[in-house]
Protein chains: 2
Amino acid sequence: MTYVLGIDGGGSKTECILMDDTHQVIGRGQAGAANYQSIGTEAALISIELAIRQAIKLSKPIKIDAICLGLAGVGRPKDIEIAKGLVKGLIDNQSLPITWNLQPSNIVVCNDALIALVGGIGHSVGIVAAVGTGSIILGQNQQGQTKRVGGWGYILGDEGSAYKIAVAGMQAALKSYDGREKSTSLIEAFQQQLSLENIEDLIQVIYGRGWGVKQIAALAPIVDLVAASGDEVANHIIDDAVRELVTATSTVIEAIFTPDSALEIVTTGSVWLGRCKIQERFTSSIVNQFPQVKVIFPRYEPAYGAGLLALGSLGWQHISRQ
Amino acid sequence: MTYVLGIDGGGSKTECILMDDTHQVIGRGQAGAANYQSIGTEAALISIELAIRQAIKLSKPIKIDAICLGLAGVGRPKDIEIAKGLVKGLIDNQSLPITWNLQPSNIVVCNDALIALVGGIGHSVGIVAAVGTGSIILGQNQQGQTKRVGGWGYILGDEGSAYKIAVAGMQAALKSYDGREKSTSLIEAFQQQLSLENIEDLIQVIYGRGWGVKQIAALAPIVDLVAASGDEVANHIIDDAVRELVTATSTVIEAIFTPDSALEIVTTGSVWLGRCKIQERFTSSIVNQFPQVKVIFPRYEPAYGAGLLALGSLGWQHISRQ
């Protein structure tokens, strides 16, 4: 039997899957964040080791033939080096109950969007629209070509993301309060949800509490609910987000897919789960342009995708399109 | 002779003007920042005292009958209290060569936009469009009613500001690089100005250097120059900024001015000084809607406006419309 490890090293948690060559999940583990850019490589390594240890839970050592580590931000050569350094740190750690049997080609490090694509679709051809706190669209075609659009972060991009929806919601509420935007229930919704006496107190909340991107992005459901209730201004914000996501996705389709190829787009991340039917709006617009496209929710999680990619590095054809 | 102090306490410098009751500037002083929200009240007080000391430069004490302190962020009751506390700190400071002769009504604390309005126009009726790192539009009519639009800061608002123009420029460059926006010279311009090998390195510049709002806003001239050279994408960004500023200004006009009243709008801040004729574009759009409006550059500086407001508190009618 051949065993591989698939690891999803995220900004809030790390997940590890132990997989055999029939794609069976033998074990699962979970630990804290692994985004080395924020917490440092040492802390990231601790999370990854802990997740592996939980996934394995064996008394006798297990032989691992391939490993895939998906991490946010990995793409540029420097980040790939750091990620490979993390895997080297795992191999050097004698205390893990693992007999490593890794060729260099069986150490796969990649962006977390790629493992979300492979896990979400169940094989490596298609597009992932990962839209949570941030946003990125990544596609990979039959020939293994990839195309990325977005993923530039909350200042430079992340169009359609929860952060951008939340900020647009607050901006619209304040514009309405100023008298330069239609009246909107967003004002009342923000006041209620944040227990503000006055919408002007948003200033204190946003600038005075030292909030980061995640806390602000967590306000997106307020906009979602107001949109779902029929508010025109909130729906305009959601429509703008959909338009951005459709443009980004179309760009990926046109760059690496042929017009007639059947194609699946997997939507991952919190934004797709709202009540205002954002996935439906996105689908209707995309299918209108590209009738051969099918939009789906994830079949498997990103760590599972990492497992498939690890198996793929061993030459197992299971991950290619069936 | 009656003397007053007008003080402009800004985020990067503090200016003080000693003015007599004929509006003559008797002395000027300058010191560091006075935005207590960032640097604390003690440091703010030191800057203000230093600017006053420079403005006075006298051996024998001078009698001051009124003082006006304009500070960024002052508007809510809590901020007014803090600003009044700063003035109390000045009065308590025995080392200043000043004999204070202040009634409570002759201690004026207000938002920096109001002193920019009064200084910029030369009296207290009209509108200021203060558009630098941030943006705010403030109007005051004959009856003393004020109306503020914007000023919500770089996350919640500041439409049309240098920060927003810079960010929109970088977003457009990256969208163009992704293939989801027209080609634009913004890419080359950012690469050259920031010595980037690749436009992707913007990520390092913006997220990796701990840059604040001011450093990012300082990139707006890149967008301005590219727009002035005729680039379509950059001009679209400038047009968006103008549209936001026109909407905000129209809202102020409609809120507190009558359609037939002659009205001056003073434009202050770095954004108006670019090469892409942003003030001209703004003026043509505003005058189209409101033919009675005249758009001007500042006649005097904000500290001068603070001096006029201090005199006004003594009942001198000079600051009302002539």
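Just so we're on the same page: letters track the sequence lines, and every chain starts at 1. The shown structure was predicted, so the numbers you read here are calculated from the model rather than taken from an experiment.
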- Message: Take a 6.0 Å sphere around CD of B/Glu188 and say whether it holds more than 12 heavy atoms from other residues, nucleotides or ligands.
- Response: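 Open.
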- Item | Contact leader toward chain A among B/Thr247, B/Ile203, B/Val252, where contacts are heavy-atom pairs under 4.5 Å |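 Maximum pair count with chain A is reached by B/Ile203.
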- Query: For chain A, which of B/Val167, B/Ile216, B/Thr251, B/Leu202 has the most heavy-atom pairs under 4.5 Å?
  - Reply: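 When all of B/Val167, B/Ile216, B/Thr251, B/Leu202 are compared, B/Thr251 has the most.
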- Indicate the atoms forming the closest heavy-atom contact of B/Lys147 with A/Asp178, along with that distance.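 Scanning both residues completely, I find the closest heavy atoms to be NZ-O, 2.8 Å.
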- Query: Taking 4.0 angstrom as the limit, do B/Glu159 and A/Arg180 come out as a salt bridge?
  - Reply: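 A/Arg180 and B/Glu159: salt-bridged.
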- State the NZ-CG distance between A/Lys175 and B/Leu156, to the nearest 0.5 angstrom.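 One gets 12.0 Å once the value is rounded to the nearest 0.5 Å.
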- Message: Working to the nearest 0.5 angstrom, can you tell me the gap between B/Glu200 CD and A/Trp152 CH2?
- Response: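 Answer rounded to 0.5 Å: 4.0 Å.
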- Contact leader toward chain B among A/Gly179, A/Ala172, A/Ser250, A/Ala173, where contacts are heavy-atom pairs under 4.5 Å: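 Heavy-atom pair counts peak at A/Gly179.
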- Message: At under 4.5 Å between heavy atoms, what parts of residues 232-245 of chain A are in contact with chain B? List them by residue number.
- Response: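 Hits under 4.5 Å: A/Glu244.
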- side chain to side chain contact (heavy atoms under 4.5 Å, CB included) partner of B/Ile155, chosen from A/Tyr154, A/Trp211, A/Tyr207: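 Checked A/Tyr154, A/Trp211, A/Tyr207 against B/Ile155; only one passes side chain to side chain contact (heavy atoms under 4.5 Å, CB included): A/Tyr207.
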